[in-house]
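Fair warning: this is a prediction, and the values are worked out from it, not measured in the lab.
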Amino acid sequence: MFERQMQLNYLGSLHAAKAVYAGMVSRNSGHICFVASTMALMGLVGYSAYAPSKFAVRGLAECLRNEVQGTKVCVSIAYPADVNTPGYAKENLSKVGLKHLTQRAIKHFTHPHIPN
């Protein structure tokens with residue numbers, strides 16, 4: 001499970017970026033947008049395989065963003081919350097106790113500068 005998450009989330013992002021990075025830098029144009037997760041910002045109970053793989057995507061994006069400074073290549077990262085996919089539905093079948101409560105707390109989090 002842990003290795004699969006790293007292969008899918010981190011190495012998948014790395015290989016996709018690697019395929020376009022050199023061309024963008026040589027053209028001095030382009031935008032790479034990584035998709036992480038809110039789990040790239042925090043580690044919670046039940047996410048010990050998933051969250052580190054998304055932390056790694058975040059680290060990659062931050063490093064590449066610094067590497068392209070002074071060029072017209074942009075690197076950004078998105079942090080979506082839960083996305084309703086077949087994989088997410090399957091994951092929900094195995095969630096129990098504290099993990100489920102933690103997830104509900106995250107969904108109801110509000111911030112004064114972010115509209116609901």
Side-chain angles (χ1 to χ4, degrees):
M1 169 71 83
F2 289 86
E3 291 167 359
R4 175 78 176 122
Q5 289 293 318
M6 289 302 286
Q7 288 172 351
L8 178 67
N9 294 323
Y10 173 69
L11 292 175
S13 297
L14 174 66
H15 293 307
K18 193 173 180 182
V20 299
Y21 180 81
M24 288 182 177
V25 171
S26 69
R27 287 189 308 275
N28 199 32
S29 174
H31 189 153
I32 299 171
C33 182
F34 292 95
V35 179
S37 162
T38 53
M39 290 296 104
L41 303 170
M42 65 186 95
L44 297 177
V45 172
Y47 290 91
S48 60
Y50 180 76
S53 70
K54 293 301 188 170
F55 269 83
V57 172
R58 176 182 169 197
L60 175 62
E62 289 178 4
C63 289
L64 289 181
R65 183 181 302 129
N66 288 322
E67 286 181 15
V68 297
Q69 290 297 311
T71 73
K72 292 185 180 179
V73 177
C74 297
V75 177
S76 61
I77 187 164
Y79 299 100
D82 294 332
V83 178
N84 192 12
T85 65
Y88 179 67
K90 183 178 177 184
E91 175 189 328
N92 278 333
L93 296 175
S94 65
K95 286 183 182 170
V96 294
L98 185 57
K99 185 175 176 182
H100 224 25
L101 291 173
T102 305
Q103 186 178 35
R104 280 197 299 241
I106 292 170
K107 285 184 179 180
H108 293 104
F109 175 79
T110 60
H111 188 279
H113 301 297
I114 301 173
N116 292 331

- Can you establish whether the number of heavy atoms outside Gln69 located under 6.0 Å from its atom CD is more than 12? yes
Answer yes or no: is there a side-chain heavy-atom contact under 4.5 Å between [X] and [Y]?
X	Y	result
Val73	Tyr21	no
Tyr79	Arg58	yes
Phe2	Ser48	yes
Pro80	Val35	yes

Indicate if [X] and [Y] have the same hydrophobic cluster label, given that clusters are the connected sets of ILVMFWY residues with side-chain heavy-atom separations under 4.5 angstrom.
X	Y	value
Val20	Leu11	yes
Val57	Leu44	no
Ile77	Leu14	yes
Met6	Phe55	no

- Give the C-alpha distance, both sets of side-chain angles, the deciding distance and a yes or no for side-chain contact (heavy atoms from CB on, under 4.5 Å) between Glu67 and Val75. CA-CA 10 Å; Glu67 286 181 15; Val75 177; over 6 Å; no
What's the shortest heavy-atom distance between [X] and [Y], and which atoms?
X	Y	result
Lys54	Met39	CB-C, 4.4 Å
Ser53	Asn9	OG-ND2, 2.9 Å
Ser13	Leu60	C-CD2, 4.3 Å
Gln5	Tyr50	OE1-CD1, 3.2 Å

- Task: Using modelled atom types only, decide if a donor and an acceptor are shared between the side chain of Asn28 and the backbone of Lys72 within a distance under 3.5 Å.
- Result: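 Checked: pair present.
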